[in-house]
Amino acid sequence: MLRPHVPVNPLPTGIVTPLIQPTVAADIEPVAPAPAPVPVAPARTSVQLTPGSTLALAAGGGAIVLVVGAVLVSLLLAVAITGASIAVIAVVLRLLVRDMQKGR
């Protein structure tokens, strides 16, 4: 009742593999155990940091952060100066147009 039942396909599609018959334990010949594998030294793929190289790496990272920060601040300053200049030009043009309309 609780045994698994594998349904048989009446029309196989594809390669049909024959059912494997279990072998009797008396037919199996003993095999000598395989020799223990020789340990192989792993390839050195990791980077070993010395105190000097760690300090150089930290200094290089700090320099990169400072350079990127300086570039971003200069870009922001350029945008701010451009905006202020356009605002001043707009005020001057407005005054000139108003003076032209009054006929001065």
Side-chain angles (χ1 to χ4, degrees):
M1 180 170 105
L2 295 177
R3 283 196 288 167
H5 177 69
V6 179
V8 178
N9 191 358
L11 299 172
T13 56
I15 300 172
V16 179
T17 57
L19 185 62
I20 298 174
Q21 299 295 330
T23 58
V24 181
D27 295 342
I28 299 175
E29 296 179 11
V31 179
V38 177
V40 178
R44 299 188 95 180
T45 58
S46 62
V47 176
Q48 293 183 350
L49 295 176
T50 62
S53 63
T54 304
L55 183 63
L57 186 62
I64 290 173
V65 168
L66 289 177
V67 168
V68 169
V71 168
L72 292 177
V73 167
S74 64
L75 287 173
L76 182 63
L77 186 61
V79 169
I81 291 172
T82 304
S85 300
I86 290 174
V88 169
I89 291 171
V91 169
V92 170
L93 285 177
R94 183 178 173 198
L95 290 175
L96 288 175
V97 169
R98 186 181 297 173
D99 284 345
M100 286 176 58
Q101 286 177 351
K102 287 184 180 179
R104 290 186 180 179

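These numbers come from the heavy atoms of this one structure, side chains and all, not from hydrogens, waters or symmetry mates.
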Rounded to the nearest 0.5 Å, what separation is found between the OG1 atom of Thr50 and the CG atom of Leu57?
10.5 Å

Could you pull out every donor-acceptor pair under 3.5 Å between side chains of residues 78-85 and any protein atom, sequence neighbours left out?
unit_1 : atom_1 : unit_2 : atom_2 : d
Thr82  : OG1    : Ala78  : O      : 2.8
Ser85  : OG     : Ile81  : O      : 2.9

For Thr54, enumerate each residue passing the side chain to side chain donor-acceptor pair (under 3.5 Å) test, keeping only those at least two apart in sequence or located in another chain.
none

Between CG of Leu77 and CG of Leu72, what distance do you get to the nearest 0.5 Å?
12.5 Å

To the nearest 0.5 Å, atom CE of Met100 lies from atom CG of Leu93 at 10.5 Å

Which residues pass the side-chain contact (heavy atoms from CB on, under 4.5 Å) test with Leu76, sequence neighbours left out?
none

